[in-house]
Student: 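Dropping the structure in here first, questions after.
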Amino acid sequence: MRYSQYLLPTLKETPADAEVVSHQLMMRAGMIRKVAAGIYSYLPYGLRALRKMEQIIREEMDRAGAIECLMPMANPAELWQESGRWEKYGKELLRFKDRKSADFCMGPTHEEVITDIIRNTVNSYKQLPLNLYQIQTKFRDEIRPRFGLMRGREFVMKDAYSFDLEDAGADDSYRKMYQAYRNIFNRCGLKFRSVEADSGAIGGNFSHEFMVLAESGEDGIVSCDSCEYAANVEKAELIYGDLATPVATQDLTKVDTPAQKTIEDVAKFLKVEASQLVKTLIVQTSDDEVLAVLLRGDRELNMIKLTNLLDVDWVLLAEDDVVKEATGAPTGFAGPVGLKIKVIADAEIKGMADFVVGGNAVDVHYSGVNLERDFTVSQFADIRQAVAGDPCPRCDGGKFESWRGIEVGHIFKLGTKYSEAMNATVLDAEGKSRPLVMGCYGIGAGRTVAAAIEQNHDEYGMILPMPLAPFQVLVTMLNPKDDQVRDAAEKLYQQLLDLGIEALLDDRDERPGIKFKDADLIGIPLRVTVGARNLKEGNVELKARADGETVMVGLDDVAAQLQQRVADALAFEPGN
RNA sequence: CGGGAUGUGGCGCAGUUUGGUAGCGCACUUGACUGGGGGUCAAGGGGCCGGAGGUUCAAAUCCUCUCAUCCCGACCA
């Protein structure tokens with residue numbers, strides 16, 4: 001491709017409405033343009049990166065035995081009513097009517113459509129297992145789209161659905177996808193973790209997320225420093241080991257804590273560590289229950305764990321008036337002593353003695369508080385957020401490290417939820433009708449490209465990994481008016497094309513500075529500069545975008561060398 | 001959906017407090033010079049100031065409504 005004939009509109013300045021690096025750089029490098037909130041056009045350069053991503057996904061899915069298909073964006077309401085999600089999905093489901101006033105929605109995911117296909121085409125266990133996937137544009141009317149491609153309303157996703165006769169087979173399908181996903185992200189050259197995840201509304205307790213490690217990631221994850229265990233902090237299990245049996249040495253004492261509301265305030269005021277405090281959170285559940293939750297002062301509540309423990313739809317921190325009613329004091333002074341409502345405590349509390357709690361009255365706390373003697377807890381459980389340094393639940397002596405991650409893939413075991421709701425059954429060997437056991441597997445293609453940029457950039461621009469780069473080699477023709485330079489660059493460009501290398505020739509009549517700045521910005525991994533200065537010696541300059549390493553290469557050797565370097569950068573062994 | 005902010009040539013911004021002929025930088029067009037890190041000079045083109053209504057002799061500026069976008073919280077690839 002010739003730059004002079006391409007559409008690659010780079011921006012010198014960062015657009016005001018782009019917050020995260022990937023969004024800023026994708027705008028600046030002429031990859032995308034916004035059309036509406038969370039809705040973007042892919043410009044040619046961005047589309048090439050997206051297509052690279054899609055092709056890697058396609059190849060690894062095919063390798064894993066999945067079969068590509070393509071389902072429609074417009075879904076009839078009937079299918080969604082059948083699964084029950086027409087009512088349940090809420091406002092994120094974009095609904096509309098056709099000319100006959102029939103209800104439709106834009107597909108945010110395709111369990112309904114694929115299940116409909118399978119129930120109409122598969123009747124026997126002999127046709128199983130099956131795993132179908134598509135790479136398609138999804139629409140979810142997100143409450144708050146943000147960060148460019150990171151959370152769009154319209155986005156390109158690969159979604160796959162597996163169908164098995166039995167649970168064991170479904171587990172096998174799941175494992176194949178797990179491996180395929182590892183292959184995909186490894187092949188992209190991304191640093192990532194596959195982590196155990198909460199399966200959320202979909203149910204089941206078998207789910208992994210694939211997280212590209214990046215500081216700007218929206219998710220917190222922990223991984224063990226000595227074994228394979230890794231999990232979303234929402235999910236990360238904690239072990240409490242043999243907690244020392246607490247021995248009370250102090251009497252319950254009421255202390256005045258004027259205007260000391262936060263944990264930090266109280267700890268400082270009483271000259272104790274935050275870990276010597278127990279905080280009491282008043283929460284409300286979807287079942288309209290109000291209860292108290294106890295945590296060590298320096299810990300954070302994990303809402304997901306609590307929601308799962310209580311088996312409710314949601315849990316929220318109580319409104320101020322509810323707190324007042326439950327504790328008799330304004331928010332900030334709740335404590336378990338004398339409290340009438342049910343109390344749930346993080347298991348860690350069991351090992352504590354002589355701690356400080358709120359006094360259920362303004363400016364009052366209790367010190368020297370002890371379990372059983374001063375109050376009782378109806379249930380101890382793992383309800384706190386995991387942090388770095390916590391012991392690993394799967395191995396001896398391992399400790400958690402913590403990371404930020406961008407969720408680029410998620411795999412679930414669905415079980416028979418949809419097959420039962422939609423009556424998707426096959427006959428087994430005994431001629432008995434059985435619901436299919438399903439799994440579903442998603443990858444955000446556009447988001448993965450954004451995540452790759454989030455992980456690979458510097459102050460000058462993006463540093464694209466070779467497998468995702470729109471072009472593999474950039475040939476910069478320094479002065480197009482110099483015949484020697486022009487001829488040499490043109491010749492090299494042609495050689496590269498003949499070798500099957502994806503090359504961009506910067507043949508614009510621009511000053512060198514502009515070409516170098518643009519080259520840094522758009523992040524093509526390998527760059528050859530053809531200029532009069534080095535050409536005199538018969539050389540060109542070969543520079544790697546990633547480490548800036550620069551070598552002089554003879555004009556006649558450079559094409560072969562580039563071919564080798566591109567091949568090396570693309571080499572990939574599936575597995576691990 | 002709650003809270004906060006912003007809408008002025010393609011991009012980044014000033015002008016709004018205190019109404020009075022719409023401005024700057026970059027980009028763009030033409031010409032010349034220049035040619036290894038966003039170069040110089042000269043001459044140009046482009047915006048009814050998000051939209052609607054109101055106040056006024058006069059509105060980018062004041063008032064009302066509205067739309068859009070961005071950021072922070074509960075959801076998700």
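Every chain is numbered from 1 and lettered A, B, ... according to where its sequence line falls, protein lines coming before strand lines.
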Student: Any side-chain heavy atom of A/N75 within less than 4.5 Å of one from A/V113?
Tutor: yes
Student: Expressed as a whole number of Å, how far does the C1' atom of B/rG2 sit from that of B/rG15?
Tutor: 34 Å
Student: Can you check the distance between B/rC48 and B/rU61, where both ends of the measurement are the P atom (answer in whole Å)?
Tutor: 15 Å
Student: Could I get the full list of salt bridge (charged side-chain N to carboxylate O under 4.0 Å, His left out) partners for A/R486, not counting sequence neighbours?
Tutor: A/E490
Student: Please name all residues satisfying ring pair (Phe, Tyr, Trp, His ring centres under 6.0 Å) with A/Y89, sequence neighbours left out, ordered by chain then number.
Tutor: A/W80
Student: Can you tell me, in whole Å, how much space there is between the C1' of B/rG9 and that of B/rG39?
Tutor: 25 Å
Student: Would you indicate what A/G531 reaches in the nucleic acid, counting non-hydrogen atoms under 4.0 angstrom: base, sugar-phosphate, or nothing?
Tutor: base
Student: Any side-chain N or O of A/R146 below 4.0 angstrom from OP1/OP2 of B/rU69?
Tutor: no
Student: Which is true for A/G152 with a 4.0 Å heavy-atom rule: it touches a base, it touches only sugar-phosphate, or it touches nothing?
Tutor: base
Student: Reading nucleotides 37-46 of chain B 5' to 3', which nucleotides get B (base under 4.0 Å from a protein heavy atom), which S (sugar-phosphate only), which -?
Tutor: BBB-------
Student: Take the protein atom CD of A/E142 and the nucleotide atom P of B/rA74, then report the distance between them rounded to whole Å.
Tutor: 14 Å
Student: Send over the distance from A/H110 NE2 to B/rA77 P, rounded to a whole Å.
Tutor: 14 Å
Student: Apply ring pair (Phe, Tyr, Trp, His ring centres under 6.0 Å) to A/Y6 and list each qualifying residue two or more places apart in sequence or on a separate chain.
Tutor: A/F471
Student: Within the 4.0 Å heavy-atom criterion, would you say A/D509 contacts the bases, only the backbone, or no part of the nucleic acid?
Tutor: base
Student: For the residue pair A/Y181 and A/F210, does the interplanar ring angle fall in the parallel (under 30°), tilted (30 to 60°) or perpendicular (over 60°) class?
Tutor: tilted
Student: With sequence neighbours left out, write down each residue that passes salt bridge (charged side-chain N to carboxylate O under 4.0 Å, His left out) with A/R144, or none if nothing qualifies.
Tutor: none
Student: For the CD1 atom of A/I118 and the OH atom of A/Y161, what is their distance to the nearest 0.5 Å?
Tutor: 11.5 Å
Student: Provide, to the nearest angstrom, the distance between the CE atom belonging to A/M61 and the P atom belonging to B/rA77.
Tutor: 15 Å
Student: Atom CG of A/L316 to atom C1' of B/rC75: distance rounded to whole Å?
Tutor: 13 Å
Student: Please list, chain by chain and in numerical order, all residues satisfying salt bridge (charged side-chain N to carboxylate O under 4.0 Å, His left out) with A/E60, sequence neighbours excluded.
Tutor: A/R63, A/R187
Student: With the criterion being N/O to N/O and under 3.5 Å, what pairs connect the protein with nucleotides 12-16 of chain B, and how long is each?
Tutor:
{"residue": "B/rG12", "atom": "OP1", "partner": "A/A16", "partner atom": "N", "Å": "2.9"}
{"residue": "B/rG12", "atom": "O2'", "partner": "A/E13", "partner atom": "OE2", "Å": "3.2"}

Student: NA contact type, A/F147, heavy-atom cut-off 4.0 Å: base, sugar-phosphate, or nothing?
Tutor: sugar-phosphate
Student: Contact class for A/E209 (heavy atom, under 4.0 Å): base, sugar-phosphate, or nothing?
Tutor: nothing
Student: Which part of the nucleic acid, if any, lies within reach of A/D482 when heavy atoms closer than 4.0 Å are counted: base, sugar-phosphate only, or nothing?
Tutor: nothing
Student: Atom CD of A/E92 and atom C1' of B/rA77: how far apart are they, to the nearest Å?
Tutor: 11 Å
Student: Whole angstroms only, please: what is the CZ-P distance between A/R33 and B/rU69?
Tutor: 17 Å
Student: If the condition is side-chain hydrogen bond (donor to acceptor under 3.5 Å, both in side chains), which residues does A/D287 pass it with, not counting sequence neighbours?
Tutor: none
Student: In chain order, what residues pass the salt bridge (charged side-chain N to carboxylate O under 4.0 Å, His left out) check against A/R545, with sequence neighbours excluded?
Tutor: A/D458
